[in-house]
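Down below is the structure, laid out as structure tokens.
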Amino acid sequence: MASRAVVVGVGTYADDSGIHGYPTIEASARAYGEALDRDPRWGTAARSPVLDREEVRTADGVMRALHEAAAAGEGPQDTLLVVYVGHGAYWQDVPGGQVHFALGSSRVNEPWTWLSAWYVYRAIRKSKAGLKVLIADCCYSSMLPHLGPESALPGILGTRYQGTCVLTAVGGNVHNAWAGACPNLPAPLDSCTTFSGHLLNVLAQGMPEHPDDLTLGALRAGIDESMQECGVHHTPRMLLNDASEAAPLFTNHAKGRRPRTRAPVTVDEWVRELLLNGERSLPDLMRVPDLAGRVVVRLKAGDEQSRELARRVDGRAGELLPDPVDFVRYWGEIEPAMLGGG
Ligand SMILES: [Zn+2]
């Protein structure tokens, strides 16, 4: 196994930089390091994945560490995880329009002192690791594109086995991520940024109804539910490009797990199952074509992530419903909703 993680937390800036530092940023980076260290899937790395203050001061320091981690990925079993916590900005008037990540030496309104997401994407995409995941906890992370082949960022794309995924602190029209801490989280996570604190709390607590590994889908659902419970946060976003919701990323630390014994039955249960585990059990759903149609209609009415999932389910309907009678039952649920403007 050559899974590698790089955690870039930039919370300290020069006094004359015009950029406000937050202690929550460095606290979050340390907490990611501790979570990875505790996790048998990740805990074997020879060096800490958390870059030190000198490394995160310059693009050279970050990119050298990133290229080294990306080069360690050898094949399908490997994962490359890149975490960025800090300030993000978006400049339209640079080549292509890009999200930029702040570094220790960045200055406000001087894009050339920031690290363009283009360089970060380029390094991640070149890795031979089977699964490539970027977690971005910064403002304008909502503007980050897919990592995979349909990315708005052109460039070489390495071997993909399990695909790519981008998880961001904010999504939709919300561009500002909250660097302040969430007081509802247990210590020491109540000293992290809101999004990272909630994410790390899901890792620390685990999810009782899930198996030994926390998948991308489970992680997303866990963060969503935990942030919604607080009632004050913006919703994060996960762009699963060609990765499956069922791809495992972390170990599930929940005590006394009780795996679900009953297969999903209702539309609500199926929507949740698909959001958690992707299309793994899609053939079971397609055995009841009209129910499958209603599930797709529900997903199409949801957020960006749900609509993307609806497209993937719909894309496989033809192959999974070879009998025209079944396909008509499936499509009979979808067509009226589409005509109704849904
Ligand atoms: Zn909260």
Side-chain angles (χ1 to χ4, degrees), residues 3-12 21-56 61-62 65-66 68-70 72 79-88 101-104 115 120 123-124 129 131-139 141 144 165-170 177-182 185-207 213-216 218-220 222-223 226-227 233 236-238 248-253:
S3 289
R4 290 285 293 273
V6 179
V7 179
V8 184
V10 189
T12 306
Y22 289 93
T24 50
I25 292 172
E26 283 168 7
S28 301
R30 282 193 301 275
Y32 277 109
E34 284 154 21
L36 289 164
D37 208 36
R38 261 199 310 273
D39 188 331
R41 288 186 74 88
W42 291 98
T44 53
R47 60 159 283 181
S48 165
V50 185
L51 304 191
D52 62 34
R53 204 175 276 182
E54 183 53 34
E55 284 174 296
V56 303
V62 171
L66 191 49
E68 196 189 304
T79 301
L80 173 63
L81 169 66
V82 178
V83 180
Y84 176 81
V85 194
H87 284 283
F101 301 116
L103 302 158
L115 176 60
V120 174
I124 298 175
L131 178 66
K132 307 169 218 262
V133 178
L134 171 65
I135 295 174
D137 182 2
C138 61
C139 291
S141 52
L144 284 167
C165 172
V166 180
L167 178 57
T168 67
V170 283
W178 182 237
C182 175
L185 292 169
L189 302 178
D190 59 350
S191 62
C192 297
T193 67
T194 293
F195 168 74
S196 288
H198 274 281
L199 187 160
L200 290 159
N201 195 41
V202 173
L203 299 192
Q205 307 289 324
M207 298 178 72
D213 292 315
L214 281 188
T215 62
L216 290 172
L219 180 63
R220 172 177 64 191
I223 300 167
S226 145
M227 289 178 81
H233 307 311
R237 178 183 78 145
M238 184 182 272
L249 188 61
F250 297 107
T251 300
N252 189 359
H253 292 303

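FYI, side chains are in, hydrogens and waters are out, and symmetry mates aren't considered; it's all heavy atoms of this structure. Because the structure is a prediction, the values reported are computed rather than measured.
- The backbone N or O of A179 lies less than 3.5 Å from a partner atom in the side chain of T24, making a donor-acceptor pair.
- Of all heavy-atom pairs spanning R38 and P40, the tightest one is O-CD, 3.4 Å.
- When side chains are defined from C-beta on, M238 counts as touching C165, because their heavy atoms get closer than 4.5 Å.
- Counting only heavy atoms from C-beta outward, the side chains of I223 and F195 approach each other to under 4.5 Å.
- Side-chain contact check for H87 versus V10: every heavy-atom pair is 4.5 Å or farther apart.
- Atom CD1 of I135 sits about 6.5 Å away from atom CG of L249, to the nearest 0.5 Å.
- Side-chain contact check for R30 versus V50: every heavy-atom pair is 4.5 Å or farther apart.
- Expressed to the nearest 0.5 Å, how far OG1 of T193 lies from CG of L199 amounts to 9.0 Å.
- At a threshold of 4.5 Å between non-hydrogen side-chain atoms, the residues L115 and V8 do not count as touching.
- No side-chain heavy atom of Q205 sits under 4.5 Å from any side-chain heavy atom of S226.
- Of the inter-residue distances, the one linking S196 atom OG with I25 atom CD1 reads 9.5 Å to the nearest 0.5 angstrom.
- The heavy-atom pair separating V56 from V62 by the smallest distance is CA-CG2, 3.9 Å.
- Contact detail for A123 and A70: the closest heavy-atom pair is O-CB, 3.6 Å.
- Expressed to the nearest 0.5 Å, how far CZ of R53 lies from OG1 of T12 amounts to 3.5 Å.
- From N252, atom CG reaches atom CG of L214 across 4.0 Å, with rounding to the nearest 0.5 Å.
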Next on the checklist: Quick one, D39 with L203, criterion side chain to side chain contact (heavy atoms under 4.5 Å, CB included). Give me CA distance, side-chain angles, the key distance, then yes/no.
Outcome noted: CA-CA 9 Å; D39 188 331; L203 299 192; over 6 Å; no

Next on the checklist: Working note: V133 + L167, criterion side chain to side chain contact (heavy atoms under 4.5 Å, CB included); need CA distance, chi angles, decisive distance, verdict.
Outcome noted: CA-CA 8 Å; V133 178; L167 178 57; 5.5 Å; no

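- Counting heavy atoms from C-beta outward, L200 and E34 have side chains that stay 4.5 Å or more apart.
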Next on the checklist: Using the rule given for side chain to side chain contact (heavy atoms under 4.5 Å, CB included), can you reason through V6 versus E68, listing the C-alpha separation, both sets of side-chain angles and the distance that settles it, and then say yes or no?
Outcome noted: CA-CA 10 Å; V6 179; E68 196 189 304; over 6 Å; no

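- Here the CG atom belonging to D137 is positioned 5.5 Å from the OH atom belonging to Y32, to the nearest 0.5 angstrom.
- In plain terms, the two heavy atoms of C182 and H233 that are nearest each other are SG-NE2, 3.6 Å.
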Next on the checklist: Evaluate L36 against F250 for side chain to side chain contact (heavy atoms under 4.5 Å, CB included), listing each step before the verdict.
Outcome noted: CA-CA 8 Å; L36 289 164; F250 297 107; 3.9 Å; yes

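- In this structure, C139 and V170 have side chains that are not in contact, with every pair of non-hydrogen atoms separated by 4.5 Å or more.
- Nearest heavy atoms, L51 versus E55: CA-OE1, 3.5 Å.
- In terms of heavy-atom proximity, S141 sits nearest to C138 at OG-O, 2.8 Å.
- With hydrogens and angles disregarded, no donor-acceptor distance shorter than 3.5 Å links the side chain of Y22 to the backbone of A181.
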